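Down below is the structure, laid out as structure tokens.
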Amino acid sequence: MHRVHNFSAGPAALPDEVLEIARKELMDYHGQGTSIMEQSHRGEAYTKVDNEAKERLNRILDLDDQFHIMFLQGGASSQFMQVPFNFLKKDETADYINTGVWSKKAIKEAKLFGDVNESYNGEEEGFSRVPQNSELKLNDQSRYVHFTSNNTIYGTQFSKEPNTNGVPLVCDASSDFISRPLESNKYGLIYAGAQKNLGPSGVTVVLVRKDFLKTISKNEIPTILDYRTHAERIFNTPPTFAVYLVNLVLKWVEEKGGISHFQKLNTKKAGLLYSEIDKNAFYNGTANKDSRSIMNVTFRLPDESLEDRFIKEAAENDLLALKGHRSAGGIRASIYNACKLESVEALVSFMNQFRNKYG
Ligand SMILES: *Cc1c(COP(=O)(O)O)cnc(C)c1O
């Protein structure tokens, strides 16, 4: 069997241990003679999986039972629409912090429902950084403040929650969910497509603060899109196998030492890459230093043909999926929780050799 060093931005690497368990349990889940995906989503086995995953999230993120946890479908992209569909009325305003492609997509959808106040726009600077609190032009009547905690494409990340003077935050946390602790009391809603840091594609985790949910006052929301439909119970068939894998990933996170373990590990992994990048001018980090992501490390080489060569020679060394997003170019190493320290060390050593050869 052969496993490579996988730096995919998403769907991304899953922990070996989790895949091993899934393989072992695939034909015969806990002696039941079927896999978990061949059973009713109302049955005892799946109900237990669903409850366990929610309890683990509550513990890992220290949510203190203040949030409804939902496993929905449609990806983070559906949440761009579902959030304003529930929370934004025609005569209301929401703040949106624009730090890149994903924020822009969220803004486009929100405008279908109400007023959007773009409290920051990083486009002129090529989205190479996230804003300081002092740069945010927040509306004082705002319903919520939406931000993208980690900008997967540009390799930028908020080092802490933006300051909103008490207005609830709504966060697209798709690419850094459970990579580090969060101040849950500042959030009204957090959503994340699972396929980066949490599990396979097909499930989107949505956490809605209980008191924030109560502020929904709209009536004309289709049942399936109304968060209140999903808050207390499983409404329709969830993506059961994906949730099962998410639960295994969360179990793995807890066994490894929880979120503080991963924060330390992720900081260390990112630090190794950035210090290699900063050694001299051969590699050029694309994110401003104070906005650098610990999840997606983006950099350029002196020219595009060297970048192509870098990607090709890296692949020959089992270092895969390093091509930057098509809208940003260059190189991107995505180093989510499941990316091992050894993989990052192997990449750093390759980068060093590559520079010696071509620099
Ligand atoms: C990948 C990503 C998305 C898109 O997620 P889908 O599940 O494909 O809709 C949205 N936001 C961020 C920050 C992402 O990294």
Side-chain angles (χ1 to χ4, degrees), residues 6-14 70-85 96-110 112 120-123 127-131 144-159 161-162 169-180 182 187 189-207 224-225 238-239 241-243 245-246 249 266 270 286-287 291-298 321-328 330 332-339:
N6 182 0
F7 298 96
S8 174
L14 287 163
M70 313 171 193
F71 297 122
L72 305 182
Q73 298 181 65
S77 301
S78 282
Q79 294 306 307
F80 298 161
M81 159 276 293
Q82 197 168 354
V83 166
F85 209 146
Y96 275 73
I97 301 174
N98 184 353
T99 52
V101 165
W102 299 118
S103 312
K104 266 164 100 168
K105 291 188 176 186
I107 289 168
K108 176 167 180 267
E109 301 306 300
L112 299 171
Y120 170 81
N121 184 328
E123 187 140 29
F127 296 121
S128 57
R129 66 183 185 93
V130 297
Y144 58 83
V145 179
H146 181 284
F147 77 115
T148 312
S149 50
N150 181 70
N151 297 282
T152 328
I153 295 172
Y154 312 93
T156 66
Q157 185 177 29
F158 283 83
S159 62
E161 286 83 2
L169 284 169
V170 170
C171 180
D172 176 0
S174 292
S175 52
D176 66 355
F177 193 63
I178 60 165
S179 69
R180 56 177 184 180
L182 45 80
Y187 292 85
L189 190 148
I190 304 166
Y191 61 92
Q195 69 271 20
K196 275 117 191 188
N197 210 17
L198 190 61
S201 62
V203 61
T204 310
V205 177
V206 180
L207 313 178
I224 189 79
L225 295 180
F241 195 64
V243 175
L245 287 171
V246 164
V249 170
N266 293 328
T286 56
S291 298
R292 281 175 163 178
S293 168
I294 59 165
M295 296 272 94
N296 310 96
V297 176
T298 52
L322 287 162
K323 197 173 169 54
H325 188 271
R326 57 195 140 74
S327 67
R332 170 174 58 178
S334 299
I335 52 170
Y336 304 121
N337 288 356
C339 173

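Everything numeric in this text was worked out from a predicted model, so none of it was measured. Every number for a ligand or one of its atoms is a count from 1 in the order of the listing.
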> Looking only at heavy atoms of Gln195, does any of them come nearer than 4.0 Å to an atom of ligand 1?
Replying inline: yes
> Quick one: does Asp172 get an N or O within less than 3.5 Å of an N or O on ligand 1?
Replying inline: yes
> So, Ser179 and Asn266: side-chain donor and acceptor under 3.5 Å apart, yes or no?
Replying inline: no
> Would you say the side chain of Ser174 lies within less than 4.5 Å of the side chain of Thr152, judging by non-hydrogen atoms?
Replying inline: no
>> Using side-chain heavy atoms (C-beta onward) and a distance below 4.5 Å, is Tyr191 in contact with Val83?
In response: yes
> According to the interplanar angle, ranging from 0 to 90°, do the rings of Phe80 and His146 count as parallel (below 30°), tilted (30 to 60°) or perpendicular (above 60°)?
Replying inline: perpendicular
> Of the non-hydrogen atoms in Asn151 and Thr99, which two are nearest, and what is the gap between them?
Replying inline: OD1-OG1, 2.8 Å
>> Let me confirm one number: the OH-CD distance from Tyr154 to Gln157, rounded to the nearest 0.5 Å.
In response: 15.5 Å
Counting each atom of ligand 1 from 1 as listed, which ones have a heavy atom of [X] under 4.0 Å away?
X	result
Thr148	13 (C)
Gly75	7 (O), 9 (O)
Lys196	1 (C), 2 (C), 3 (C), 14 (C), 15 (O)

Any idea which protein heavy atom is nearest [atom], and the distance to it?
atom	answer
atom 15 (O) of ligand 1	Thr152 OG1, 2.5 Å
atom 5 (O) of ligand 1	Ala76 CB, 3.6 Å
atom 9 (O) of ligand 1	Ser77 OG, 2.6 Å

